[in-house]
Every structure is written in C-alpha cells, then in structure tokens.
Amino acid sequence: MPPPARRRLPAAARLPPRTFRSYLPRSHRTYSCVHCRAHLARHEELISKSFQGSHGRAYLFNSVVNVGCGPAEQRLLLTGLHSVADIFCQSCKTTLGWKYEQAFESSQKYKEGKFIIEMSHMVKENGWD
C-alpha cells in the first residue's frame with residue numbers, strides 16, 4: 001500500500017512571518033500602525049498633537065519609519081497651500097497621512113520634510129501608562 005499523500009499548506013500559510021524594515025527600541029515609547037503593528041515613530045519625534053488630517057485629528061512628526069511615499073501634489077489645507085505626498089504603511093499599505101514637501105507661506109515653512117499621521121491609524125506601544 002502506498003504512503004498517504006502529503007497535504008500541502010495554502011500559499012499564505014507557507015509565507016515567512018511578516019518583518020518590518022525598521023524596529024524601534026523596546027525601551028522607547030512608540031507609535032505603531034493600528035492595522036498591522038508596524039513601528040511608525042518614536043515619541044521623541046513628536047512635534048505637535050494639534051493637527052488635522054483628512055479624516056480627523058493627527059500628529060506631526062519630525063521623522064517616521066516603515067512608510068512609503070506617494071507622488072507630491074498641491075493641496076489647499078486649513079493653513080494654506082502646500083505640496084504634500086501621501087504616506088502609507090510599508091507593511092499593510094494603509095494610507096496613514098502625508099509628508100509636507102513644500103509650504104508656500106513663510107509661516108508654514110517649519111512643516112517641510114515633516115509627517116502627519118492620523119490618530120485613527122496609530123496605536124501607542126511600549127511604556128505608556
């Protein structure tokens with residue numbers, strides 16, 4: 001009698017565990033993607049909690065990790081005309097917010113190169129009490 005046929009796992013079950021491009025130190029308070037838990041930013045990179053995203057409150061960060069950037073486009077925001085590029089989670093591809101590429105008003109120049117992440121797409125991790 002021949003040996004029983006081996007059952008093959010579905011393709012998704014054979015994939016390696018999900019890895020992220022950057023891991024932030026566990027000793028630091030961090031913000032992660034609420035959808036897939038990819039690390040996004042350290043609390044020390046937070047500039048302001050009083051920003052408005054497309055769909056609600058947002059935080060402004062100096063730098064972020066594990067995000068991709070779309071093409072820049074001009075948008076008229078609450079604070080004037082800006083050139084912004086949508087940012088998305090590299091892991092789950094969820095749109096998180098945007099990157100300020102250029103500000104056209106001198107009072108808004110401090111935003112250039114900074115990132116907005118909407119609160120609805122973030123979760124706090126590591127050491128928040």
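Fair warning: this is a prediction, and the values are worked out from it, not measured in the lab. Any value given below was found using the heavy atoms of this structure, including those in side chains, with hydrogens, waters and symmetry copies removed. The chain is numbered in sequence order, starting from 1.
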Donor-acceptor pair, side chain of N66 and main chain of H39, under 3.5 angstrom: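 It does hold such a pair.
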
Backbone of T30 reached by a side-chain donor or acceptor of E125 within 3.5 Å: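 No, E125 side chain to T30 backbone: no donor-acceptor pair under 3.5 Å.
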
Can you tell me how far the [atom1] atom of [X] sits from the [atom2] atom of [Y], to the nearest 0.5 Å?
{"X": "I47", "Y": "K114", "atom1": "CD1", "atom2": "NZ", "result": "5.0 Å"}
{"X": "W98", "Y": "E118", "atom1": "CH2", "atom2": "CD", "result": "6.5 Å"}
{"X": "Q102", "Y": "H82", "atom1": "CD", "atom2": "NE2", "result": "10.0 Å"}
{"X": "S48", "Y": "I116", "atom1": "OG", "atom2": "CD1", "result": "7.5 Å"}
{"X": "L96", "Y": "K93", "atom1": "CG", "atom2": "NZ", "result": "11.0 Å"}

Listing, residues 70-80 side-chain donor-acceptor contacts under 3.5 Å, not counting sequence neighbours, or none:
from, atom 1, to, atom 2, distance (Å)
E73, OE2, R75, NE, 2.8
E73, OE2, R75, NH2, 3.0
R75, NH1, D86, OD1, 3.2
R75, NH2, D86, OD1, 2.7
R75, NH2, D86, OD2, 3.1
T79, OG1, K111, NZ, 2.8

Where C89 and C92 come nearest, the two heavy atoms and their spacing: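 It is SG-N, 3.5 Å.
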
Closest non-hydrogen atom pair, I87 against C69: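 Scanning both residues, the minimum pair turns out to be CG2-SG, 4.2 Å.
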
Are the side chains of [X] and [Y] in touch, meaning some heavy atoms are under 4.5 Å apart?
{"X": "H121", "Y": "H35", "value": "yes"}
{"X": "I117", "Y": "Y31", "value": "no"}
{"X": "C33", "Y": "S91", "value": "no"}

Residues clustering with V123 (ILVMFWY side chains joined when closer than 4.5 Å, directly or via others):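 For the cluster that includes V123, the remaining residues are V34.
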
Transitive ILVMFWY side-chain link F51 to L46, under 4.5 Å: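 No; L46 is not reachable from F51 via cluster members.
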
In one Ile/Leu/Val/Met/Phe/Trp/Tyr side-chain cluster, 4.5 Å: M119, Y100: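 No: no chain of side-chain contacts under 4.5 Å links M119 to Y100.
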
Donor-acceptor pairs under 3.5 angstrom involving side-chain atoms of residues 54-64: please list them, not counting sequence neighbours.
from, atom 1, to, atom 2, distance (Å)
N62, ND2, E45, OE1, 3.4
S63, OG, E45, OE1, 3.0

